[in-house]
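What you see is a predicted model, and the numbers here were worked out from it, not measured in a lab.
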Amino acid sequence: MGSGAGSFLKVLLKNFDVLAGPVFSLVYPLYASIRAIETQSTTDDRQWLTYWILYSMITLIELTFAKVIEWIPIWSYAKLIATCWLVLPYTNGAAYVYEHYIRPFFLNPHKINIWYVPRKKDDPDDILVAAEKYIAENGTEAFEKIIHRADNNQRSGGSVYHRGSVFDEDLKYYREY
């Protein structure tokens, strides 16, 4: 009977990732998500919503690169360790990933997002390009008039960008660009 128990233990250890994976990646998170829904706190909601987003991303990566991943011998153990880190309340990994990677991504999409590149509104180069465009369309004399009007307006205490000023028509080039 000793050899039977030893064989069972070997099989159990050899397939630990197969047995523990669903428990750590699905069973416990499902239970914790249901508990989070029933509480008034939004902290645990964020933790579990973030976990499910990350778990979905991991699953998509696995499905997409299945042929490559099957050649990585430690993938299932690495995934199990990563899932445990994301799930366990002690590590609070999903919340960490949310705060340090997902949240900054959505707060500053122009810094991280490679598919969407918004216009740079406060970039000095944009102002120079707009000024060059204005000079090309209206000539240097018109541009010098704008500069003198801006200088006079600032001396009188006004703002160059004040709505209703004489600069609204001229500055439309800056706003449109």
Side-chain angles (χ1 to χ4, degrees), residues 2-131 159-161 163 171 173-177:
S3 67
S7 296
F8 176 73
L9 190 58
K10 276 184 178 180
V11 170
L12 185 66
L13 289 175
K14 189 174 183 176
N15 296 309
F16 179 74
D17 60 319
V18 175
L19 300 170
V23 172
F24 282 106
S25 64
L26 294 172
V27 176
Y28 178 71
L30 285 170
Y31 169 75
S33 296
I34 292 169
R35 285 193 53 197
I37 290 171
E38 297 302 322
T39 65
Q40 298 299 320
S41 173
T42 59
T43 305
D44 54 359
D45 296 346
R46 180 177 286 171
Q47 159 71 18
W48 294 110
L49 282 171
T50 305
Y51 169 76
W52 289 113
I53 291 167
L54 295 172
Y55 183 75
S56 298
M57 290 172 62
I58 292 169
T59 303
L60 284 172
I61 290 169
E62 275 187 318
L63 291 172
T64 304
F65 300 106
K67 296 290 184 189
V68 175
I69 289 174
E70 71 185 19
W71 288 94
I72 302 172
I74 62 167
W75 171 254
S76 57
Y77 293 103
K79 180 183 171 189
L80 179 62
I81 291 168
T83 302
C84 288
W85 181 75
L86 291 172
V87 166
L88 293 175
Y90 179 75
T91 59
N92 222 5
Y96 177 86
V97 170
Y98 174 80
E99 286 296 325
H100 291 89
Y101 299 103
I102 296 173
R103 189 165 189 249
F105 175 81
F106 284 104
L107 291 178
N108 298 316
H110 61 280
K111 291 183 180 177
I112 300 171
N113 194 345
I114 62 173
W115 292 291
Y116 171 70
V117 181
R119 281 190 346 220
K120 299 175 187 173
K121 293 183 181 177
D122 296 327
D123 192 358
D125 291 339
D126 287 347
I127 293 171
L128 293 175
V129 171
S159 171
V160 174
Y161 300 103
R163 209 147 188 60
L171 290 176
Y173 289 95
Y174 291 106
R175 289 188 207 123
E176 289 175 1
Y177 186 78

(Q) Tell me if a side-chain donor or acceptor on Gln47 pairs with a main-chain N or O of Ser33 at a distance below 3.5 Å. (A) no

Q: Return yes if some donor-acceptor pair links the side-chain N/O of Thr91 with the main-chain N/O of Trp85 below 3.5 Å, else return no.
A: yes

Q: Before giving the answer on side-chain contact (heavy atoms from CB on, under 4.5 Å), spell out for Tyr55 and Leu26 the whole-Å C-alpha distance, their side-chain angles and the decisive distance to 0.1 Å.
A: CA-CA 9 Å; Tyr55 183 75; Leu26 294 172; 3.8 Å; yes

Q: Could you grab the distance from atom OG of Ser56 to atom CG of Leu63, nearest 0.5 Å is fine?
A: 10.5 Å

Q) Do you know which two heavy atoms are closest between Ile69 and Ile61, and how far apart they sit? A) CD1-O, 4.0 Å

Q) What are the two closest non-hydrogen atoms of Asp44 and Ala36, and how far apart are they? A) OD2-CA, 3.4 Å

Q: Find the distance between CH2 (Trp75) and CG (Leu80) and round it off to the nearest 0.5 Å.
A: 11.5 Å

Q.
I need the Leu49 CG to Tyr98 OH distance, nearest 0.5 Å.
A. 9.5 Å

Q: Identify the heavy atoms of Trp52 and Leu30 that sit nearest to each other, and give their distance.
A: CZ2-N, 3.8 Å

(Q) With rounding to the nearest 0.5 angstrom, report the CG to OG1 distance, Leu54 to Thr59. (A) 10.5 Å

Q.
Quick check for you: to the nearest 0.5 Å, what is the distance between Leu88 atom CG and Thr83 atom OG1?
A. 10.0 Å

Q: Work out which heavy atom in Pro29 is nearest to a heavy atom in Val87; give both atom names and the distance.
A: CG-CG2, 3.8 Å

Q.
Does atom CD1 (Ile74) have a neighbourhood of more than 12 heavy atoms from anything else shown, all under 6.0 Å?
A. no

Q | Contact summary for Thr43 and Ser41, nearest pair of heavy atoms | A | N-OG, 3.2 Å

Q | Minimum-distance pair of heavy atoms, taken over all atoms of Lys67 and Glu70 | A | O-CG, 3.3 Å

Q | Tyr101 side-chain N/O to Tyr96 backbone N/O, donor-acceptor pair under 3.5 Å | A | no

Q. Quick one: CG on Leu86 to OG1 on Thr50, what's the gap to the nearest 0.5 Å?
A. 10.0 Å

